Amino acid sequence: MFKLEQRLQNFKPYEPDTAEYRIRFDVNESFIKPDKGACERFASKLSAIDFNRYPDPYCFKLTRLYADYLGVNENQVVVGNGSDELLSLIATAFLKDNGKVLTLKPDFPMYKFYSSLRRAEVCEEEKKGTLAEIAKKVKPDIIFFSNPCNPTGAVIKKEEVLNLLKETSALVVADEAYMDFCGESVVSYTKDFNNLIVTRTLSKAGGIASARVGFAVANEETISVLKAVKSPYNVNALSQAFAEAVLEDKEQFLKNIALIKASKESLFKGLSAIKTVLKSPFTPQESGANFIYIKTDKSGEIKQLLKEKGMAVRAFEGFLRINAGSESENKELLEVLNENS
């Protein structure tokens, strides 16, 4: 009789909040929908898709467009069904049996999840000292971290990441899902370091979270391995076409990034003017991403308060995470918080 391993029985699924909300500040999506031009280009591409045929297995056109946006060679890029697929693939392909993984805390929990599925030893370390110092102590095979950090929004300077790459033989996976809003990317160094992989996504700045399109960028040898071990036809034709339509207007893409950054800064200013909520100190932190991380002892209560108003935010123990919304959405959020300050 087949019996599940105890470790699998102990895994807890990632459970997104599926409740209905008028306004979502909880999952760090873009508040900007694809513009009319992108939708028209997508419609044109849609009519040309042969739905009875498999999609382009290597996403050649999409790869060229994204490589151009990043300023790297197209042979350094592989496309995935969201960056999550690629993070999972990296753990599966490059972790050795009983390997050791270093992650930071707090950070994106899926690094630990994917590594644990591979039966790796996962060491979660607080960000005390430099990455190189932490890696020297742990001696990992792979290092996963988000930059800017999800959930805190903290930014690791590129000089620190480059120093880590020089000091460690571990594979360094820099998850730059929010780097479109920040200026510390190390993607241009992927050709210089064979132990660096950068992951990116169109779910945040690209405004097409529903399409699930992500990228891994590395040197050509590493990318050839990822292409060899990924599932065939892993990105469907609709997602490829939608992503192409968005990236074909780079000017609009960059304009949307600027609008999101402006919204985040405006939200941060408004939140910083609020000193208490529900009679508890309320302290927003600087962020390099499209969201604000806020220290408060009433995170659960504030989340419930906003939920009753039709607004979703993400609550952690002692903290809230609130992503930037439209001007009217931010205004409504601030009004509710001020009323309860």
Side-chain angles (χ1 to χ4, degrees), residues 24 27-51 53-90 110 146 150 174-182 185 187-188 190 197-218 223 226-227 230-261 289-290 323:
R24 300 209 68 142
V27 284
N28 304 339
E29 301 156 326
S30 171
F31 62 87
I32 303 172
K33 294 182 179 180
D35 65 284
K36 182 180 179 181
C39 292
E40 289 176 346
R41 290 190 295 275
F42 175 62
S44 177
K45 294 173 184 291
L46 189 62
S47 64
I49 293 175
D50 292 324
F51 283 95
R53 305 298 183 188
Y54 285 110
D56 175 357
Y58 297 112
C59 309
F60 284 117
K61 184 172 183 180
L62 176 55
T63 297
R64 286 195 297 271
L65 285 165
Y66 200 69
D68 177 69
Y69 167 64
L70 292 180
V72 300
N73 189 294
E74 62 188 83
N75 292 328
Q76 292 180 251
V77 180
V78 63
V79 188
N81 181 19
S83 56
D84 285 88
E85 181 198 19
L86 296 166
L87 291 166
S88 175
L89 190 63
I90 290 166
M110 300 309 290
S146 58
N150 175 19
D175 180 2
E176 295 188 348
Y178 301 93
M179 191 55 76
D180 297 284
F181 310 112
C182 183
S185 176
V187 74
S188 64
T190 49
I197 301 177
V198 173
T199 57
R200 303 287 288 251
T201 180
L202 290 180
S203 294
K204 315 302 178 185
I208 55 170
S210 64
R212 308 301 298 125
V213 178
F215 306 86
V217 187
I223 291 301
L226 288 173
K227 287 180 178 178
K230 77 175 183 65
S231 299
Y233 314 110
N234 59 320
V235 181
N236 70 76
L238 292 171
S239 291
Q240 289 187 47
F242 203 175
E244 290 168 11
V246 168
L247 289 170
E248 281 168 346
D249 189 345
K250 189 190 295 187
E251 183 178 348
Q252 184 64 50
F253 187 82
L254 295 173
K255 180 180 177 181
N256 288 350
I257 291 173
L259 289 171
I260 294 168
K261 289 173 67 175
N290 67 336
N323 63 250

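Below, all heavy atoms of this structure are taken into account, side chains as well, without hydrogens, waters or symmetry copies. From a predicted model like this one, the values you see are computed outputs, not experimental measurements.
A heavy-atom distance below 4.5 Å is not found between the side chains of Phe215 and Thr63. In this structure, Pro34 and Cys39 have side chains that are in contact, with non-hydrogen atoms separated by less than 4.5 Å. A 4.5 Å side-chain heavy-atom check between Asn75 and Ile223 finds every atom pair outside the cut-off. Looking at Lys250 and Asp68, their side chains come closer than 4.5 Å, going by heavy atoms from C-beta outward. Side chains of Val213 and Leu62 form a contact here, defined as non-hydrogen atoms less than 4.5 Å apart. Proximity of Arg200 to Leu70: side-chain heavy atoms (C-beta onward) are separated by under 4.5 Å at one or more points. Under the 4.5 Å side-chain criterion, counting only non-hydrogen atoms from C-beta, Leu46 is in contact with Leu238. When side chains are defined from C-beta on, Cys59 does not count as touching Tyr66, because their heavy atoms never get closer than 4.5 Å.
A donor-acceptor distance shorter than 3.5 angstrom exists from the side chain of Asn290 to the backbone of Asn28, with no hydrogens or angles considered. Looking only at distances, no side-chain donor or acceptor of Glu176 sits under 3.5 Å from a matching main-chain atom of Thr199.
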Name every donor-acceptor pair, under 3.5 Å, that has one atom in a side chain of residues 78-88 and the other anywhere in the protein, sequence neighbours excluded.
unit_1	atom_1	unit_2	atom_2	d
Asp84	OD1	Arg212	NH2	3.3
Asp84	OD2	Tyr114	OH	3.4
Glu85	OE1	Asn81	N	2.5
Glu85	OE1	Asn234	ND2	3.1

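For Tyr178, the ring pair (Phe, Tyr, Trp, His ring centres under 6.0 Å) partners two or more places apart in sequence, or in a different chain, are Phe291. With sequence neighbours left out, the side-chain contact (heavy atoms from CB on, under 4.5 Å) criterion links Glu248 to Arg41, Lys45, Lys61, Leu65, Glu244.
Taking the six-membered ring where the residue is Trp, Tyr69 and Phe253 present perpendicular rings, their angle passing 60° and hence far from 30°.
Within a 6.0 Å radius of CZ in Phe51, more than 12 heavy atoms belonging to other residues, nucleotides or ligands are found.
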